[in-house]
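Working notes, structure below.
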Amino acid sequence: AQKVTQAQTEISVVEKEDVTLDCVYETRDTTYYLFWYKQPPSGELVFLIRRNSFDEQNEISGRYSWNFQKSTSSFNFTITASQVVDSAVYFCALSELWGYQGADGLTFGKGTHLIIQP
Amino acid sequence: ETGVTQSPTHLIKTRGQQVTLRCSSQSGHNTVSWYQQALGQGPQFIFQYYREEENGRGNFPPRFSGLQFPNYSSELNVNALELDDSALYLCASSPGQGGYEQYFGPGTRLTVT
């Protein structure tokens with residue numbers, strides 16, 4: 001069965017520090033998709049990125065970057081020069097193309113609560 | 001472009017009652033998924049509808065049921081409410097099948113007393 005583990009329950013850093021959020025996943029499928037979502041205090045999940053299992057290229061978007069490594073089943077997320085507005089709960093998620101949940105049923109980790117102190 | 005909307009925002013029900021939650025998908029999206037998020041936890045997948053048919057389900061009992069309408073809006077129905085059903089219910093829409101990103105609505109906070 002598919003599983004996503006976010007071992008860091010809470011991280012607190014001072015503004016402008018770099019921070020990395022870890023995500024480790026388990027799947028038996030060869031075709032799968034990985035996602036990161038942000039959940040600010042308002043509660044609405046905001047989509048950040050999607051990767052498929054055949055694309056291991058790292059991606060950078062502004063201060064955000066993602067490192068996908070199939071060899072270690074990890075999909076880590078780094079925020080460079082963190083800002084107070086980055087404070088939120090961040091979720092890593094996985095879907096399998098032929099999973100028992102159906103093609104697009106996301107399995108989420110428990111989330112990492114990121115606190116950026118001014 | 002209108003995003004995903006959900007109604008109501010908050011709801012209080014009594015154990016044993018039934019509840020219906022509603023979701024309007026984002027324009028151009030034909031797939032709707034429902035998730036339950038307990039306090040301090042990640043969302044749990046309930047089920048997904050594609051072109052008015054359920055095509056995927058998580059580990060939830062049959063008292064959780066749903067519908068999708070021709071305009072791709074959707075309902076989540078929960079019968080015989082239990083205290084553990086208290087949670088944030090999230091609806092997400094996507095433009096199709098095959099691992100597309102899902103866009104979430106603001107959620108409905110259900111409290112069962």
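Within every chain, numbering begins at 1; the chains are lettered A, B, ... in the order of the sequence lines, protein sequences first and strands thereafter.
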Task: Verdict with reasoning, B/Tyr35 to B/Phe45, per ring pair (Phe, Tyr, Trp, His ring centres under 6.0 Å) - done: CA-CA 5 Å; B/Tyr35 294 83; B/Phe45 175 68; 5.6 Å; yes

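The ring of B/Phe60 has its center no closer than 6.0 angstrom to the ring center of B/Phe47. In this structure, A/Phe108 has its ring center at least 6.0 angstrom away from the ring center of A/Phe35. In summary, the aromatic rings of A/Phe47 and B/Tyr103 are positioned with their centroids under 6.0 Å apart.
Residue A/Tyr32 does not touch chain B at all, counting heavy-atom pairs closer than 4.5 Å. Contacts of B/Ile46 with chain A are absent, with no heavy-atom separation under 4.5 Å from either backbone or side chain. In this structure, the portion of B/Tyr100 lying under 4.5 Å from any heavy atom of chain A is its backbone and not its side chain. Neither the backbone nor the side chain of B/Glu54 comes within contact range of chain A; no heavy atoms are under 4.5 Å apart.
Between A/Tyr25 and A/Phe68, the angle of the ring planes lies from 30° to 60°, which puts this pair in the tilted group.
A donor-acceptor pair under 3.5 Å is formed between the side chain of A/Tyr90 and the backbone N or O of A/Asp86.
At a heavy-atom cut-off of under 4.5 Å, chain A is reached by no residue from residues 12-19 of chain B.
The candidate with the highest count of non-hydrogen atom pairs below 4.5 Å against chain B, out of A/Gln39, A/Glu44, A/His113, A/Gln6, is A/Glu44. Chain A forms more heavy-atom pairs under 4.5 Å with one residue of B/Pro43, B/Gly42, B/Ser33, B/Pro106 than with any other, namely B/Pro43.
A/Asn76 and A/Thr20 are not linked by any side-chain donor-acceptor pair at a separation below 3.5 angstrom, with hydrogens and angles left out of the test.
Annotation for A/Lys110: atom NZ does not count as buried by contact number, only 12 or fewer foreign heavy atoms lying within 6.0 Å.
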Exercise answer: donor-acceptor pairs, residues 63-72 of chain B side-chain atoms, under 3.5 Å, sequence neighbours excluded:
residue, atom, partner, partner atom, Å
B/Arg63, NH1, B/Asn79, O, 3.1
B/Arg63, NH1, B/Ala80, O, 3.4
B/Arg63, NH1, B/Asp85, OD2, 2.8
B/Arg63, NH2, B/Glu82, OE1, 3.3
B/Arg63, NH2, B/Asp85, OD1, 3.0
B/Arg63, NH2, B/Asp85, OD2, 3.2
B/Gln68, OE1, B/Arg51, N, 3.2
B/Gln68, OE1, B/Glu52, N, 2.8
B/Gln68, NE2, B/Asn30, O, 3.2
B/Gln68, NE2, B/Tyr72, O, 3.3
B/Asn71, OD1, B/Ser73, N, 3.0
B/Asn71, OD1, B/Ser73, OG, 2.7

